[in-house]
Amino acid sequence: MSKDLRITNNKFIDQTTRISFKFDGKTLYGFKGDTLASALLANNIHLVGRSFKYHRPRGIMACGSEEPNAIVQVGSDASMTEPNTRVTEIELYEGLEATSQNCWPSVNFDIGAINNFFSPLIPAAFYYKTFMWPANFWKLYEYFIRKSAGLGKSPTKPDKDIYDHRYLHCDVLVVGGGISGIMAAKTAAKNNLNTVLIDDKINLGGTTLFQQNECFKINNTYSNEWLKKEIESLNSLKNLTIKTRTSLAAYHSYNYLLARENLTDHLDINEKKDKVRQRLWKIRAKKVIISTGAMERPLIFNNNDRPGIMLSSSIKKYIDYYGVKCGQKISLFTNNDSAYETAISLNNSGVNVNSVIDIRDKTNSIIVKQAEELGIKIHWKSSIVNTNGYKKINSIEIMKLTDDGAAVVGEKIKEQCDCLGISGGWTPRVHLFTQSGGKLKFRDEDNVFLPDKSELDQISIGSCNGDFELDDVIKNSVTLTNKFLNVDNNDYENLEIISSKETTKKNIWLLPSDKLLSKAKQFLDFQNDSTANDIKLALREGFKSIEHVKRYTTTGMATDQGKLSNMHALGIIAETAGVKMGELGTTTFRPPYTPLTFGAIVGRNVGEFFDITRKTPIHDWHVENKAEFENVGQWKRAWYYPKKNESMHDAVQRESKAARDSAGMLDASTLGKIDIQGTDASEFLNRVYTNAWSKLEIGKCRYGLMLNEDGMVYDDGVTTRLGENHYIMTTTTGGAANVLSKLEDYLQTEWPELDVYLTSVTDQFATISICGPNSKKILTKVIPDLDLSDKEFPHMSFKNASINNIKCRVMRISFTGEHSYEINIQSSFGKSVWEKCFEAGKEFNITPYGTETMHLLRAEKGFIITGQDTDGTMTPVDLQMDWIISKKKYDFIGKRSLYRSDTIRDDRKQLVGLITEDPKEVLEEGAQIVSEINKKPVEMLGHVTSSYFSPNLNKSIALAVVKNGKNLKGHKMFVPMKNKTINVTITDSVFLDKDNKRLNA
Amino acid sequence: MKNKYSIFSLIKNAFSYHENWQRAWRDPEPKKEYEAIIIGGGGHGLATAYYLAKKHNMKNIAVLEKGWIGGGNTGRNTTIIRSNYLWDASAGLYDHALKIWEGLSQELNYNVMFSQRGVMNLAHNLQDVRDLKRRTHANRLNGIDAVWLNTDEVKKFCPIINTSPNIRYPVLGGTLQRRAGTARHDAVAWGYARGADAMGVDIIQNCELKGIKRNGNSVEGIETTKGFIKTKKIGVVAAGHSSVIASMVDLKLPLESKPLQALVSEPVKPIIDTVVMSNAVHAYVSQSDKGELVIGAGTDAYVSYTQRGSHDVVEGTLKAILELYPIFSRMKMLRQWGGIVDICPDASPIISKTHIKGLYFNCGWGTGGFKATPGSGDLFAHTIANDEPHKLNADFNINRFVSGDLVDEHGAAAVAH
Amino acid sequence: MFLINCPYCGERDQSEFTAGGEAHIVRPKQPTELSDDQWAEFLFMRKNIKGIQFERWSHAHGCRKWFNMVRDTSNDKIHAVYKMGEKPPIK
Amino acid sequence: MLNYNSPIKDQKEYSEIKISEVEPTLKLNLRGKKRDFITKIGKELSIIPPSDPNTSSGNEKFNILWLSPDEWLLYSNDKIDLKNTTLLEEKLFNEVSKSKIGSIANVTDHWIMLNVNGKNTFDLLSTGCPFNFNNFKNSKNAVTQTLINHIDVILHNKDLNNLNLFVRRSFSNHLWSWLNDSSRFF
């Protein structure tokens, strides 16, 4: 690195530890504590990027998150590379690789710069006005536009890093560890408030940390030394948690804030591995103190975007904090006092300051005096009308301003320089305040928006609240904090503060030039290349609101979200339209404050943790026996059990046949189970199901259909009466949670008078269903002492039993139409009982089957599956289940809706069966059904809801909903597929064992 | 007559340093009376005005906007345009819109950047597959260019999707509509505004509706922050605020206004050149011409007019994005925002007369209104001009909530057994 | 994320709750007596107020109790919560 | 003989965190609004179901956790002989449900009980739980129902940095691996 740009006596950078890094392929060196920005500057590299639209050379401009120009691609590994990263926020580490973006072939020679030549042709929003002919060419135009747009490159392989979340609840959150934040945090913690202080920098202290200037003293010591002691004193406070490298991303209502802590980005490549890269803190604070400071404004003048033109305060930080000279011959351009701090710092570090160009008439604040005493030349009441140097500024042109500041006069002075510091005053960082819903007020004297009313328990202190001078910052912060926390901290009473006072204020949003304004290039949004002329064009074309201008010119929409440009945009709009800035309002600042990685937002909820996985008590057996699984809601359900290289079709055919020929077994544990007790249990069921329940005998089971109030089928299942006031209800797997909360809702809000208690017992029981002609024989082996005779234990009834002294409930119910039983045993023994049944069934070739076979078997019997054969638009009548609607009952959920003018129509879509002309042809589920194929537009009468090849009927069968279907039995229909038409006939929806003989076989 | 936009007008104006461009639209004070007044200067409202003037020769009309045109959901949405809806009524409505989109830039002489990059809906479980295939078949028979893709074809069409069978909810296939795509939201509002203004339509911004004056059962005019304006026809296209306006005439609508959030990443070079939606895992994404990933999140369950939603919704969406696109983990969220969407119980819109003569409502577009903008405007204009619906919006009347003849576009209830 | 004061469990994060829409829409005692219009009014029509709204919430992941909330939908400020069956504390 | 089968056959140790399944303990869900319900339970178990929210009561044998104004979870401290889980259930069922003053449901296997202890216990939970533990962690026998990584849990604060966590069986496996994954970073 060029030694002459480093000053040696520096407290913050460890100049003994040299770090090597790569920029655009070139190996360079910096020191521990450097940012990539300071290291590049120390290597005399200003040019790091090209602008978005004109590809103009752009250099480092700032030293923090407001940097608009210097954004790079970090890393080259396809999975670890990161686009659009600010060099000012990258801590230097061994092995860092960074490359310039948006330029080709290189940042020094960029073909895209041709755009700059065409710039007269492409003013703001030009694309709305062209690329329209020929019409179908937009695709082509767009292809090139897209290629030229974008900045960095997305990774192309999955991220290897780990991200994490942590919830944090505190009494007081202080955002920003500058002087006011530090004092506030100390005050809070000392008063036994559980306090958290966060700052996005490596260390606390803000700009005061390196403010060593005669004009800023506290109790006769330099402000930085005084603050150093304050920071040390924080360590002793046990109620205080300090988080550095932690940037506040979003401030939501109810004092819910998100902060991103960087844990490994600053580490050497080899140290990063297996550590959490970023942690997102989800903070819930009782009170929030915002002390986020202020940002320096640029000045808007002709060619103000050249590499080497930087914010004055940044130049100061580079010299005072990083010990880096941004140039050897530096000029400063300002409308306020702060540039003189920079001048003095530079001077003290032996950097030659050409001159300060100040748009104000002479002012006599002590800091200006100090600068003059140091012999620094000042051009009063002057402006820079142009700058020269393509890839790096080499000279500026200075002229006198007229009294009204609207024009420049007199001779043009040319001044050589290799760096220009600009200072347009300060903008309070009110972003978080507005994010939280706070309203802003405008202060005319120095054109700043300040926090006004807020809905939340929060305050802003320090320069983000409009205090820009040391004594104001301290005095007001202390008063505000004490009042806000309702404490009385006198640590900071009668401090002796020396602080230079700014005596003259003057601001010109758009500085005049000797050039015709419309010919000049005054940049506002450096990254998006929007200029003052673009703003004026927008206004000329009738875009008046700031939101319109912003969108039309894209000002403030770049990755810096207009941190540096928004105020000037507003200012120029106000000046041009002749309105007061305060009345113009401002654009809304939206979260996040600085761009936030998707990874941090998602945390560890990736891969296996993307969503919950629920498993049945018998899950392991299914795995051991090579089941394929189906995702049903969050459940993993056995789908089918393929034997060695058996296809799904073959497996399902085998399982289905076995279940009807001999015996099959199904893990039905996922069905929802709700225990219902209470004296009004029966009445409750009467109200929630369509059918009647009062007369159901104890020990008997009944199928129930549940509707929504809109009359549409919602859920179904078998409910068993266990006792006088005791039922167990089963629901669909996916419906379980919703049904329970729906029932609770009715109980608590509509029918509080009912004495009913609902308890979910879904996970208490493993449910094993054994079906088929041999099911009885098998169950006898498993539960010998249970009388299974049809007389004692008929279909739709239940018995208490026990297996090896473990109690269980056995229901004789069937979803397959076969003679079958359902064993409900406490989950811990589910697997064991399953294995027992499997053993007992071996001699009968008992076959475990999964959800697919279950679906097939029930379809043979025409049993519906809610959600598959219904879609929220089917009533029980549509399903031709009129029998389940009690005519006697006065009311039940959804009853009234069944009698609306549309729901009583006779020609609604109704559930029917479909038989294909070719019995081998299996219809596609979802296929549409029509009566005439040649009619255009063809009228769709319905669709196929379930379709299978039935091994037991040896033909294809399907369930479908068809308009007026119940009156069309025997009619021929067509199922038009993409490349053929399938002939079908409408039939009854029960294909097998219409008279239910098998139930008692 | 406005000067025409073209490459030539750009060159011509370049010589005068773009000093001579005309206003895109005037900024008039409201007249005493209008033939009709459209409440709401979003895309739908401006389009309605445009077609009233263009097709129904109603030129003495005004569009009332309480803020700035296009500042509501038009400027906040993720600009997806498609017509692959399930029911005939919806398919008719949305495909009508899609056909207009295809020639809109030329029609308006304003580049709305309608980009037919295709929209793909993914299936993640067996019921998804049934539902999406059902939709694909219905679309095909309705003349809509939807095709079913198996997992490999999905991968081929959009290579960055993680189609591994080992992820939590593997991609089992998807349905693709190639004519679908995206457009530039602001341009739609501005283009219609410019077009309507050229035909004499008054676009009145920063003017809020305060009340609706009635004589018996017909409207007589409106009270606004700029005074009373006489009119016999009022078309309300106020999206999230529809219920607020309805309450001015004691009308209740079957609507709930909920927060809908969206976000964009920082811009990057082209990485995904189509639109991919996944209802099952709740994520949809496209890439803007500027290079930003445009990502739509879900709605919150509660009513809110704050244009802010809860963080969990955003987290849930990005979770799904990373499940499908693990390569985006290091991409950064640049900006996040919310809109207020008015949702009907059947997830279909209302374009309808009301029992009050001269009062018309166009609302209930929920999360998907942008795609319908031109069609919605055209049909609403027809309804207002003729005091009766066009056959394409006849099914979208308010009365369907009484009869029960809903147009349920939730898709299948997806209750698993 | 709201911070909701469950009338039974105290202050909890919004993620523990589910929203149940407009409150005090009593299910008609005799639905069969109603016209289609009146039934539709109960079923679908909502005030959807901008401003002070009375609504139902459930502490779904806590005590599973439903309760009422008074919330200003124009700024999401929660003014009060009260148990089912109780009179609204605010007019 | 039937084999007992638990979804979690493991216990793990990390820096200042220990996680293990505690099985098998008897768990009953108690529901009731009437006063006689409270007194009856009190009589049968010599523990009064707490009426204060988020609290528990107990003796050497049992704990009763407040779940809602009319719902409690009873669980035994000792591992119990599974064959007898139903004895107390039936007894209470007859006393309460049959005598129409409430409801009793056996949830022994519905809930899996984990024990988490060690200094980092609450930091671990805070990686996925929005609940504010600041007061909870210092109040012995405090109870709360909340979410950990979107999974419903009941937490019973037994002692300083030592709590019992109840999670539904079908979720337990997932929560277990999530807790373990999270523990790696302490």
Side-chain angles (χ1 to χ4, degrees), chain A residues 82-84 120-121 123 128-132 135 142 145-146 149-156 158-159 518 537 541-542 545 547-548 551 559 590-591 595-599 601-602 605-606 610-611 631-633 732-735 865-867 871-873 900-903 925-928 938 943, chain B residues 5-7 10-11 14 17-19 21 23-25 68 71 105-106 110-111 115 125 127 130 133-134 137-138 141 168-169 186-187 266-271 289-291 311 315 318-319 322-323 326-337 403-405 408 410 412-417:
Chain A
E82 184 169 2
N84 309 336
L121 285 186
Y128 296 131
K129 295 174 176 163
T130 179
F131 302 129
M132 287 179 277
E142 192 182 34
I145 292 173
R146 288 172 80 86
L151 294 166
K153 295 189 182 68
S154 161
T156 52
D159 194 349
S518 46
L537 172 64
E541 295 193 74
S545 92
E547 281 294 345
H548 275 176
R551 287 160 175 271
T559 63
R590 298 193 168 109
L596 185 59
T597 53
F598 290 2
I601 296 170
V602 173
N605 300 316
V606 291
F610 166 68
D611 193 21
N631 284 314
V632 182
T732 60
T733 298
I865 288 181
T866 55
D871 61 1
T873 69
R900 292 175 296 171
S901 61
D902 189 70
T903 38
E925 287 168 348
Q928 297 289 327
V938 56
H943 73 285
Chain B
Y5 289 158
S6 72
I7 181 66
L10 273 165
I11 295 166
Y17 308 107
H18 303 286
E19 297 273 7
W21 287 105
R23 301 182 58 112
W25 52 79
W68 301 95
S105 293
Q106 290 68 30
Y110 206 92
N111 189 353
S115 167
N125 59 51
Q127 192 53 45
R130 291 184 196 102
K133 281 188 170 171
R134 176 186 174 190
H137 285 294
L141 295 176
R168 183 66 184 82
Y169 296 108
D186 292 333
E266 293 183 332
V268 288
K269 295 294 177 193
I271 181 80
D289 287 346
K290 198 162 177 287
H311 171 71
E315 181 178 318
L318 287 176
K319 201 167 81 168
L322 294 196
E323 168 84 344
I327 67 168
F328 287 153
S329 169
R330 294 177 98 80
M331 294 286 290
K332 300 190 218 89
M333 174 166 85
L334 176 60
R335 198 163 61 244
Q336 144 200 0
W337 66 91
S403 68
D405 186 11
D408 191 322
H410 289 111
V415 180
H417 206 291

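If you're wondering where the values come from, they're calculated on a predicted model, not measured in any experiment.
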Asker: Within the distance-only criterion (no hydrogens, no angle test), does the side chain of B/Glu323 pair as donor or acceptor with the backbone N or O of B/Arg168 below 3.5 angstrom?
Answerer: yes
Asker: Please look at A/Leu537 and chain B and tell me whether the side chain, the backbone, both or neither of the residue comes under 4.5 angstrom of a heavy atom of that chain.
Answerer: side chain
Asker: For the candidates A/Thr130, A/Asp159, A/Val606, which exhibits the highest count of non-hydrogen atom pairs separated by less than 4.5 Å from chain B?
Answerer: A/Asp159
Asker: Contact part of B/Leu322 toward chain A, heavy-atom cut-off under 4.5 Å: side chain, backbone, both or neither?
Answerer: side chain
Asker: Using a cut-off of under 4.5 Å on heavy-atom pairs, state which of B/Pro326, B/Ala138, B/Gly291 scores highest against chain A.
Answerer: B/Ala138
Asker: Search all heavy atoms of A/Pro83 against all heavy atoms of B/Arg330 and return the closest pair with its distance.
Answerer: CD-O, 4.5 Å
Asker: Main chain of B/Val268, side chain of A/Asn84: is a donor-acceptor contact present, judged purely on distance under 3.5 Å?
Answerer: no
Asker: Please check if the side chain of B/Gln106 supplies one atom and the backbone of A/Met132 the other of a donor-acceptor pair under 3.5 Å.
Answerer: yes
Asker: Below 4.5 Å from any heavy atom of chain B, which atoms of A/Ser154 appear? Answer side chain, backbone, both or neither.
Answerer: both
Asker: For the interface with chain A, which of B/Asp405, B/Asp186, B/Ile327 has the highest count of heavy-atom pairs at distances below 4.5 Å?
Answerer: B/Ile327
Asker: In terms of the angle between their ring planes, are B/Tyr110 and A/Tyr128 parallel, tilted or perpendicular, with boundaries placed at 30° and 60°?
Answerer: parallel
Asker: Find the one option among A/Glu82, A/Glu541, A/Lys129, A/His548 whose heavy-atom pairs under 4.5 Å with chain B are most numerous.
Answerer: A/Lys129
Asker: Please answer whether the main-chain N or O of A/Pro120 pairs with a side-chain N or O of B/His18 as donor and acceptor at a distance below 3.5 Å.
Answerer: yes
Asker: Under 4.5 Å heavy-atom distance to chain B, tell me which part of A/Glu925 shows up: side chain, backbone, both or neither.
Answerer: both
Asker: So what's closer than 4.5 Å to chain B heavy atoms on A/His943: side chain, backbone, both or neither?
Answerer: side chain
Asker: Would you check if B/Leu10 and A/Pro123 make a side-chain contact, meaning some heavy-atom pair closer than 4.5 Å?
Answerer: yes
Asker: Under 3.5 Å, is there a donor-acceptor pair between the side chain of A/Lys153 and the main chain of B/Ile271?
Answerer: no
Asker: Sort out for me which of B/Phe328, B/Trp337, B/Tyr169 touches chain A most, counting heavy-atom pairs under 4.5 Å.
Answerer: B/Tyr169
Asker: Could you check if a side-chain atom of A/Gln928 sits within less than 4.5 angstrom of a side-chain atom of B/Arg134, using non-hydrogen atoms only?
Answerer: yes
Asker: Among A/Thr156, A/Thr903, A/Leu151, which residue has the highest count of heavy-atom pairs closer than 4.5 Å to chain B?
Answerer: A/Leu151
Asker: If you count heavy-atom pairs under 4.5 Å between each of A/Thr873, A/Val938, A/Asp611 and chain B, which one has the most?
Answerer: A/Asp611
Asker: Which residue out of B/Arg130, B/Gln336, B/Lys133 racks up the most heavy-atom pairs below 4.5 Å with chain A?
Answerer: B/Arg130
